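Not measured: the values here are computed from a predicted model.
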2 protein chains.
Amino acid sequence: MLTTMPELSNGDDADAVNALRSAVMRLSRRLKHQRVDESLSPTEMSVLGTLARCGRATPGELARKEHVQPPSMTRIVAMLEAKGLVRLEAHPDDRRQKVVTQTEQAEAMLEESRRKRNAWLAELASGLDEDEWAKVRAAAPVLEKLAQL
Amino acid sequence: MLTTMPELSNGDDADAVNALRSAVMRLSRRLKHQRVDESLSPTEMSVLGTLARCGRATPGELARKEHVQPPSMTRIVAMLEAKGLVRLEAHPDDRRQKVVTQTEQAEAMLEESRRKRNAWLAELASGLDEDEWAKVRAAAPVLEKLAQL
DNA sequence: AGAGGGTAATGAGTTATGCTAACGACCATG
DNA sequence: CATGGTCGTTAGCATAACTCATTACCCTCT
């Protein structure tokens, strides 16, 4: 739990934070261009990914998960609905809320997406050795957790 | 070198890529708001970090390193110069190019930046256990390398 | 020496993607 | 039944990137 957190003041961690921040910013920029579907923004893709894991969610929940303001999520969901990738239904208990679910079309697109991402990854991974890649793989779920804190 | 790259087709790696992509997008969004200097965009900060490591670079080199188009870097460098954080000099051998170096003021700002980032990190790290944090620390330099490939 | 192709930086205009503020519909508690 | 809080939405705006076009310069080849 890092209750004492002694390492936050030492140089290694400071370097790690610097590296992490820099890498995240640059990678996010590259990911914007590495779109699996030309007409879908990274955040829209991320929402689909979240839906695939959660099954269903309200716009507000999605906004919190993606760290986006509710109005932005409104627009994103509307976009996705217009493209037939999600469905909006009335919330069973609360008529203020709505429930978003993904369509079969989205399911197919995500599969396609996985293939293309792997291709992209193959190119990048060729620059990493086995050990480096193992570190990335180990850290990936942690980073995801970190992003949601 | 992953010459055979057998793991690119297995599920673990696909999951890792999904998690990584999602985490990078969300973290980058949060980092945008966690600015150390309110008047400096994340990319501008990243450029200063790069300069701190490299010492000096041309706008074109910086654009390539940051994965930004040259015109964007022109504007960023102009911004930084206007704020007294970098200096532009003529290239000794090629009059088309310019050389960007950081000022002492930038040096001081980066130090300030490091402190604030550590504070932000402390908050996030409190949600990770020692083992998770170790994984992030191990992966940070690799991610940086990945971002530059 | 001069012409022409390639590269560096830049200027202008556009697009994308988020934000804040204000609003209407709805729940819930007195 | 009124009133305060919450959810989603609408409207307007800000930022930070992009593309296309231009200018200045280097370099090679004749």
Side-chain angles (χ1 to χ4, degrees), chain A residues 22 24-35 37-48 56-83 86-101 147, chain B residues 22 24-35 37-48 56-83 86-101 147:
Chain A
S22 179
V24 165
M25 287 312 304
R26 295 204 264 239
L27 273 177
S28 77
R29 221 153 19 227
R30 299 192 66 179
L31 279 168
K32 282 194 177 187
H33 297 292
Q34 268 304 330
R35 303 187 174 181
D37 180 324
E38 204 53 47
S39 66
L40 238 55
S41 84
T43 306
E44 289 166 347
M45 276 303 305
S46 189
V47 168
L48 285 184
R56 57 182 54 236
T58 68
E61 285 167 355
L62 288 174
R64 278 187 293 276
K65 277 181 204 281
E66 301 293 331
H67 287 285
V68 161
Q69 293 304 307
S72 302
M73 190 50 70
T74 291
R75 184 143 43 172
I76 290 166
V77 168
M79 213 58 150
L80 292 175
E81 193 195 15
K83 285 172 186 158
V86 303
R87 227 185 312 273
L88 270 93
E89 299 157 14
H91 193 284
D93 304 332
D94 187 338
R95 273 188 296 171
R96 287 172 305 180
Q97 303 187 52
K98 297 179 178 174
V99 178
V100 187
T101 52
Chain B
S22 179
V24 164
M25 287 315 301
R26 295 204 264 239
L27 274 177
S28 77
R29 218 149 25 221
R30 300 192 64 180
L31 278 169
K32 282 194 179 188
H33 297 293
Q34 266 303 329
R35 304 187 174 181
D37 181 323
E38 205 52 49
S39 66
L40 237 55
S41 84
T43 306
E44 288 165 348
M45 275 304 305
S46 189
V47 168
L48 285 184
R56 56 182 54 238
T58 68
E61 284 167 357
L62 289 173
R64 279 187 293 276
K65 277 182 204 278
E66 301 294 330
H67 286 285
V68 161
Q69 294 303 307
S72 303
M73 189 51 70
T74 292
R75 182 139 40 168
I76 289 168
V77 167
M79 215 54 151
L80 292 175
E81 193 195 17
K83 285 172 184 155
V86 303
R87 227 186 311 273
L88 270 93
E89 298 156 15
H91 192 286
D93 304 332
D94 188 337
R95 272 187 299 171
R96 290 173 305 180
Q97 304 187 51
K98 296 179 180 176
V99 178
V100 187
T101 51

Where do A/S46 and A/E66 land on the side chain to side chain donor-acceptor pair (under 3.5 Å) test, with the steps shown first? CA-CA 8 Å; A/S46 189; A/E66 301 293 331; 2.8 Å; yes

Sub-3.5 Å donor-acceptor pair from the side chain of A/K83 to the main-chain atoms of A/S39, do we have one?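 Yes; judged by distance alone, with no hydrogens or angles, the pair exists.
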
Let me know, please, whether B/L88 or A/D94 comes out on the 5' side of the other along DNA chain C by nearest nucleotide.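 Its nucleotide being nearer the 5' end, the pick is B/L88.
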
Any side-chain heavy-atom pair of [X] and [Y] under 4.5 Å:
X     : Y     : result
A/P59 : A/T74 : no
B/L48 : B/L40 : yes
A/M45 : B/M25 : no
B/V77 : B/K98 : no
A/S28 : B/L27 : no

I need the [atom1]-[atom2] distance between [X] and [N], as an integer number of Å.
X     : N      : atom1 : atom2 : value
A/M45 : C/dT17 : CE    : C1'   : 17 Å
B/Q69 : C/dT7  : CD    : C1'   : 15 Å
B/R96 : D/dC26 : CZ    : C1'   : 5 Å
B/L62 : C/dA8  : CG    : P     : 13 Å
B/M73 : D/dT19 : CE    : P     : 14 Å
A/D93 : D/dG8  : CG    : P     : 14 Å

Of the listed C/dA8, D/dC18, C/dG18, the closest approach to the B/R64 side chain comes from C/dA8

Between residues 76-83 of chain B and DNA chain C, which residues have a heavy-atom gap below 4.0 Å?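 Here the set is empty: none.
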
With a 4.0 Å cutoff (strictly under), does any side-chain N or O of A/T58 reach OP1 or OP2 of D/dC7? no

According to a strict under-4.0 Å criterion, is B/Q97 in side-chain N/O contact with OP1 or OP2 of D/dC25? no

Could you tell me whether B/P70 contacts a base, only the sugar-phosphate backbone, or nothing, with contacts defined as non-hydrogen atoms closer than 4.0 Å? base

What pairs of nitrogen or oxygen atoms, one from the protein and one from nucleotides 11-16 of chain C, lie under 3.5 Å apart?
from	atom 1	to	atom 2	distance (Å)
C/dG13	O6	B/R75	NH2	3.4

Those residues at least two apart in sequence (or on a different chain) that pass salt bridge (Lys or Arg N to Asp or Glu O under 4.0 Å) with A/R87 are A/E104

